[in-house]
Amino acid sequence: MAEVEQYRKLVCDFLLAQCPPDEDHGEVESQLILDSERDRYLLIDMGWQDLKRIYACVIHLEIREGKIWIQRNMTETDIATALVESGIPKEDIILGLQPAYKRPYTGYGAA
């Protein structure tokens with residue numbers, strides 16, 4: 001259980017570093033959703049750009065059965081590499097954004 005607590009902290013620290021500082025970006029803002037009870041963590045952009053509604057999930061991470069699942073990454077940051085550099089073993093990182101048949105070949109956990 002201590003490992004999951006450590007993973008929660010590392011995931012939250014990573015997302016906090018990814019969230020842009022509160023600056024004037026017009027009517028579009030970035031929001032962090034950190035649900036440590038259900039282990040779901042998101043960075044979303046939402047607001048208005050002229051007459052167009054903006055609502056996008058930029059990063060979606062989950063912790064399931066002691067593994068960190070990368071469900072979405074719409075950034076240039078290699079999240080898996082960043083997590084490994086923070087001390088998380090590769091086998092505890094699942095690339096959920098890859099089809100299940102490809103996961104064994106990614107170098108990360110296969111679940």
Side-chain angles (χ1 to χ4, degrees):
M1 195 57 147
E3 190 172 85
V4 171
E5 287 298 323
Q6 178 189 5
Y7 288 0
R8 284 181 183 133
K9 181 182 179 339
L10 292 171
V11 164
C12 288
D13 290 347
F14 171 79
L15 286 173
L16 285 167
Q18 296 300 306
C19 192
D22 291 336
E23 297 175 358
D24 185 15
H25 295 287
E27 295 184 46
V28 177
E29 65 177 302
S30 296
Q31 291 187 357
L32 280 177
I33 299 166
L34 307 174
D35 181 355
S36 58
E37 185 175 320
R38 292 175 191 83
D39 284 322
R40 295 182 182 129
Y41 307 90
L42 295 95
L43 172 61
I44 62 170
D45 285 342
M46 61 182 268
W48 290 91
Q49 189 172 44
D50 298 320
L51 297 176
K52 182 180 178 186
R53 174 72 173 156
I54 305 294
Y55 185 86
C57 177
V58 179
I59 297 174
H60 178 179
L61 305 175
E62 294 181 343
I63 300 174
R64 294 184 187 175
E65 299 176 3
K67 311 254 186 224
I68 298 174
W69 286 68
I70 301 171
Q71 300 290 16
R72 184 164 181 92
N73 181 13
M74 299 302 292
T75 71
E76 294 181 11
T77 301
D78 184 341
I79 295 173
T81 298
L83 294 174
V84 168
E85 289 172 355
S86 72
I88 299 171
K90 281 187 162 188
E91 60 270 12
D92 285 355
I93 299 169
I94 310 297
L95 302 181
L97 43 75
Q98 293 289 338
Y101 73 89
K102 286 187 179 181
R103 292 183 202 141
Y105 308 106
T106 64
Y108 294 95

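All values below come from the heavy atoms of this structure, side chains included, with hydrogens, waters and symmetry mates left out. Index from 1, following the sequence.
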Check salt bridge (charged side-chain N to carboxylate O under 4.0 Å, His left out) between D39 and all other residues, then give those that pass, not counting sequence neighbours.
R8
With the 4.5 Å side-chain cut-off for hydrophobic clustering, are L16 and M46 part of the same group?
no
Less than 3.5 Å apart, which donor and acceptor atoms pair up between the side chains of residues 49-61 and the rest of the protein, not counting sequence neighbours?
from, atom 1, to, atom 2, distance (Å)
R53, NH1, G47, O, 3.4
H60, NE2, E62, OE2, 3.1

Counterpart residues, side-chain contact (heavy atoms from CB on, under 4.5 Å), relative to L10 (two or more places apart)
Q6, S86, I88
Answer with yes or no whether the hydrophobic clustering places L97 together with I93; edges join I, L, V, M, F, W, Y residues whose side-chain heavy atoms lie under 4.5 Å apart.
yes
In a table with atom names and distances, give each donor-acceptor pair under 3.5 Å that connects a side chain of residues 100-111 to protein atoms at least two apart or in another chain.
from, atom 1, to, atom 2, distance (Å)
R103, NE, L95, O, 3.3
R103, NE, Q98, O, 3.1
R103, NH2, Q98, O, 3.1
T106, OG1, R103, O, 2.9
T106, OG1, Y108, N, 3.2

Listed partners of S36 passing side chain to side chain donor-acceptor pair (under 3.5 Å), at least two apart
none
Does anything in residues 79-95 pair up under salt bridge (charged side-chain N to carboxylate O under 4.0 Å, His left out), and if so which pairs, sequence neighbours excluded?
K67-D92
Nearest-0.5 Å distance, CD1 of residue I44 to CD1 of residue I33
4.0 Å
dist Q18:CD -> T77:OG1 (nearest 0.5 Å) comes out at 4.0 Å
Separation between CG of L32 and CG of L15, rounded to the nearest 0.5 Å
6.0 Å
With rounding to the nearest 0.5 Å, note down the distance linking CG in L42 to CG in D35.
9.0 Å
Return the minimal non-hydrogen interatomic distance between G66 and V4, and the atom names on each side.
CA-CG2, 4.0 Å
Check which hydrophobic residues are tied to W69 through side-chain heavy-atom contacts below 4.5 Å, counting indirect links as well, and list them.
I94
Which residues share a salt bridge (charged side-chain N to carboxylate O under 4.0 Å, His left out) with D13, sequence neighbours left out:
K9
Return the minimal non-hydrogen interatomic distance between A80 and I70, and the atom names on each side.
N-CD1, 3.7 Å
Is any side-chain heavy atom of L83 less than 4.5 Å from a side-chain heavy atom of Y7?
no
